[in-house]
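Here is the structure we will look at.
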Amino acid sequence: MSSAPISQHSSYHKKVARSRATSEPIWIRWLLIGITLMFLSLFLLVPLAAVFTEALRKGFDTYITALSDPDALSSIKLTLIAAAIAVPLNLVFGVAAAWAIAKFEFRGKSILITLIDLPFAVSPVIAGLIYVLIFGMQGWVGSTLIDHDLKVIFAIPGIVLATVFVTFPFVARELIPLMQAQGKDEEEAGLVLGASGWQILWRITLPNVKWGLLYGVILTNARAMGEFGAVSVVSGHIRGMTNTMPLHVEILYNEYNYAAAFAVASLLALLALVTLALKSFIEWNVERNAQQHEQSFN
Amino acid sequence: MAKQKNVLPGFNLSLGYTLLYLSLIVLIPLSAAFIKTTELSFNEFWAVVTAPRVLASYKLTFGASLLAALINAVFGLLTAWVLVRYRFPGKKIIDALVDLPFALPTAVAGIALTAVYAGNGWIGSWLEPHGIKVAFTPLGVIIALTFIGLPFVVRTVQPVLEDLEAETEEAAASLGANRWQTFTKIIFPAIWPALLTGFALAFARAIGEYGSVIFIAGNVPFVSEITPLIIITKLEQYEYASATAVAVVMLVISFLLLFAINGLQWWSNRHVSAVR
């Protein structure tokens with residue numbers, strides 16, 4: 001639910017020159033622009049600026065010290081590990097789900113699509129809770145895990161599972177509409193020319209959806225590294241052990257160590273800005289390709 | 001389309017893997033929540049989910065989510081309109097920044113909003129002399145939920161506005177309609193389903209939100225304690241069954257919303273093609 005598919009901005013202005021009859025007086029235009037910019041500044045720009053200001057309030061040295069603290073470094077490492085496992089898992093799932101849904105007809109397809117969306121509808125807190133119910137001490141397989149000396153909850157596997165759950169639909173949701181729109185003519189042509197199923201996937205299907213795929217991966221990664229609620233429930237908040245970056249931010253903040261909390265937060269904010277930049281780059285590429293495609297037909 | 005034999009390979013493998021992975025990661029764990037609540041009798045379940053403190057949290061969670069979604073419906077529509085129809089410097093950057101709430105981790109958003117709206121913050125210090133306290137009050141909850149729901153309305157309305165044919169507006173103008181009439185009679189009916197979908201998405205996202213809210217809310221029981229926090233509190237006291245009971249109430253509401261949103265999107269798509 002929290003991702004918008006790549007939009008191909010059909011540039012409204014190029015299509016029609018706006019005449020006075022179908023546009024607003026200039027003072028209304030600037031009033032509306034002004035109100036919008038004010039709203040977006042209050043809710044987006046000011047908080048974003050606050051992250052970096054607060055992080056650097058006590059100087060650059062404090063900032064660097066906060067980031068090179070062993071607990072901060074181990075939280076960065078754990079965040080990277082969780083994302084490095086969750087992203088490929090959901091990428092493979094997304095491709096498989098999109099292949100089945102976009103290239104074949106079967107009963108219950110729309111139910112399947114809705115079920116794939118489920119994790120977006122579930123509160124992150126509940127996403128953590130359900131894994132505690134299964135793998136926790138009192139859980140379904142809790143005693144079996146203890147017998148084999150395995151730990152899932154309050155340990156890294158639980159964090160990875162919770163991360164996989166909250167990022168589950170992103171790649172699939174990007175790929176399904178894209179692959180549906182592209183049909184299966186090219187794949188069938190490949191088959192006639194003697195390509196195997198895997199060759200078709202690698203050489204035809206995936207290159208055709210590469211931007212959507214990349215987009216899905218970027219969204220998955222951003223959410224995986226930033227997830228807080230679900231991971232908070234399963235992590236146990238053991239410093240230097242099961243703390244991801246967002247959880248480390250919380251601990252520092254609750255200890256009134258604001259400069260350090262915002263220092264770690266500023267890394268996550270940078271990640272968000274990089275994500276947005278990449279997203280714009282991909283949209284720009286998709287738009288450009290679409291225009292070239294259009295021109296080659298005219 | 002005539003039904004013909006599909007010659008592409010990999011159906012069994014891809015669908016099989018999809019169903020297996022979906023079951024293992026999503027369906028079986030979610031069913032655990034429903035099974036866990038059967039440990040409680042119906043009366044016990046009812047007592048847990050209607051306890052006064054829990055009821056107060058529903059009121060706050062759903063009330064604040066509704067208000068935040070309404071704020072987003074108004075300003076999201078305005079933002080989408082301005083981004084599609086007008087040109088101004090910095091427009092591309094603003095357009096990209098709209099997705100910030102999707103990309104910024106919720107905990108970061110939480111502490112940033114708290115810093116800004118607290119009594120000594122940039123905006124808080126300006127509001128407090130006027131008697132408006134934001135941080136650590138229900139108003140703070142609304143601010144946080146408005147932030148995380150901000151992109152939904154913009155991103156659902158924007159493509160519909162872009163696809164509107166200019167000819168209908170020209171026709172309306174040539175028939176003597178003024179701009180306001182054209183908006184209310186021609187444009188608004190066309191974007192209404194998308195607006196409603198965006199509103200529902202923002203609302204659904206807000207009721208489950210945790211990370212951005214807990215820092216700014218102050219978390220005072222009966223006043224500024226959201227339902228997801230109730231679940232966490234119960235978990236920390238090892239009251240697994242009652243934590244799960246509250247979770248099940250939220251799950252059922254979320255699932256109903258998901259189905260409503262799917263219906264809305266279907267209606268919205270049909271509506272757009274019918275308008276064309």
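To find a chain, count down the sequence lines: A is the first, B the second, and so on, and within it residues start at 1.
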Roughly how far, to the nearest 0.5 Å, is CG of B:N262 from CG of A:D117? 6.5 Å

Chain A contact via B:L27 - side chain, backbone, both or neither, heavy atoms under 4.5 Å: side chain

Tell me, for B:T244 versus chain A, whether the close heavy atoms (under 4.5 Å) come from the side chain, the backbone, both or neither. both

Heavy-atom cut-off 4.5 Å, strictly under: side chain, backbone, both or neither for B:I214 against chain A? side chain

Between B:I111, B:L113, B:I123, which is the residue that forms a side-chain contact (heavy atoms from CB on, under 4.5 Å) with A:P47? B:L113

Does any non-hydrogen side-chain atom of B:S14 lie less than 4.5 Å from one of A:I101? no

Measure B:L30 against the heavy atoms of chain A and call it side chain, backbone, both or neither at under 4.5 Å. both

Do we see a donor-acceptor contact under 3.5 Å between the side chains of B:Y238 and A:Q138? no

Mark yes or no for whether B:S254, through its side chain, and A:A121, through its backbone, hold a donor-acceptor pair below 3.5 Å. yes

Portion of A:F106 that has a non-hydrogen atom of chain B nearer than 4.5 angstrom: side chain

Side chain, backbone, both or neither of A:N90 within contact of chain B (heavy atoms, under 4.5 Å): both

CD1/B:I94 to OG/A:S41 distance, rounded to the nearest 0.5 angstrom? 6.5 Å

When the 4.5 angstrom heavy-atom criterion is applied to A:Y253 and chain B, the contacting part is side chain

Flag side-chain contact, heavy atom, 4.5 Å: A:E24 against B:W81: yes

Looking at CD1 of B:I231 and CG of A:L129, how far apart are the two atoms once the value is rounded to the nearest 0.5 Å? 6.5 Å

Checking B:Y21 against A:V164 for the side chain to side chain contact (heavy atoms under 4.5 Å, CB included) test, could you report, in this order, the C-alpha distance in whole Å, the side-chain angles of both residues, the deciding distance, and whether it holds? CA-CA 11 Å; B:Y21 188 75; A:V164 169; 3.3 Å; yes

Where on B:F147 is there a heavy atom nearer than 4.5 Å to chain A: the side chain, the backbone, both, or neither? both

Under 4.5 Å to a heavy atom of chain B? For A:V46 that would be both

Greater than 12 external heavy atoms within 6.0 Å of B:E239's CD: yes

With a 4.5 angstrom heavy-atom cut-off, could you sort out which part of A:L271 is near chain B: side chain, backbone, both or neither? neither

For B:W180, is it the side chain, the backbone, both, or neither that has a heavy atom closer than 4.5 Å to a heavy atom of chain A? neither

Contact origin within A:L37 toward chain B - heavy atom pairs under 4.5 Å: side chain

Residue, of A:I134, A:L44, A:L191, A:L42, that accumulates the most heavy atom pairs under 4.5 Å with chain B: A:L44

Part of B:F183 within contact of chain A (heavy atom distance under 4.5 Å): neither

What part of A:I33 gets closer than 4.5 Å to chain B, counting heavy atoms only: side chain, backbone, both or neither? both

Side chain, backbone, both or neither: which part of A:L268 has an atom under 4.5 Å from a heavy atom of chain B? both

Once you round to the nearest 0.5 Å, how far does CG of B:D99 lie from OG of A:S280? 8.0 Å

Of all heavy-atom pairs linking A:A272 and B:L100, the shortest is CB-CD1, 4.4 Å

Would you mind checking which part of B:I207 comes under 4.5 Å of any heavy atom in chain A, side chain (CB onward), backbone (N, CA, C, O), both or neither? neither

So for A:A98, is it side chain, backbone, both, or neither that comes closer than 4.5 Å to the heavy atoms of chain B? neither

Using the rule given for side chain to side chain contact (heavy atoms under 4.5 Å, CB included), can you reason through B:I25 versus A:Y131, listing the C-alpha separation, both sets of side-chain angles and the distance that settles it, and then say yes or no? CA-CA 9 Å; B:I25 299 290; A:Y131 290 110; 3.6 Å; yes

Of the listed residues (A:W99, A:F39, A:F165), which shares the most heavy-atom pairs with chain B below a 4.5 Å separation? A:F39

So which part of A:L201 gets closer than 4.5 Å to some heavy atom of chain B, the side chain, the backbone, both or neither? neither

B:I93 versus chain A, heavy atoms under 4.5 Å apart: side chain, backbone, both or neither? neither

If you round to the nearest 0.5 Å, how far is NZ of A:K103 from CZ of B:F11? 14.0 Å

Contact part of A:L40 toward chain B, heavy-atom cut-off under 4.5 Å: side chain, backbone, both or neither? side chain

More than 12 heavy atoms of other groups within 6.0 Å of A:K109 NZ: yes

Could you please spell out the steps behind the side chain to side chain contact (heavy atoms under 4.5 Å, CB included) verdict for B:Y86 and A:W30? CA-CA 9 Å; B:Y86 304 150; A:W30 281 103; over 6 Å; no

Given the side-chain rings of A:F43 and B:F75, with only the six-membered ring counted for Trp, is the space between their centroids under 6.0 Å? no

Side chain, backbone, both or neither: which part of A:L48 has an atom under 4.5 Å from a heavy atom of chain B? side chain

Under 4.5 Å from any heavy atom of chain B, what part of A:T53 do you find: side chain, backbone, both or neither? side chain

If I take atom OG1 from residue A:T36 and atom CG from residue B:L83, how far apart are they, to the nearest 0.5 angstrom? 7.5 Å

Residue pair B:F102, A:L219: steps toward the side chain to side chain contact (heavy atoms under 4.5 Å, CB included) verdict: CA-CA 8 Å; B:F102 285 159; A:L219 291 178; 5.6 Å; no

If we check side-chain contact (heavy atoms from CB on, under 4.5 Å) with A:L115, which of these qualifies: B:L19, B:L22, B:L258, B:V26? B:L22

In terms of heavy-atom proximity below 4.5 Å to chain B, should A:T114 be classed as side chain, backbone, both, or neither? both

Count the heavy atoms of every other residue, nucleotide or ligand shown that sit under 6.0 Å from CZ of B:F259, and state whether that count exceeds 12. no

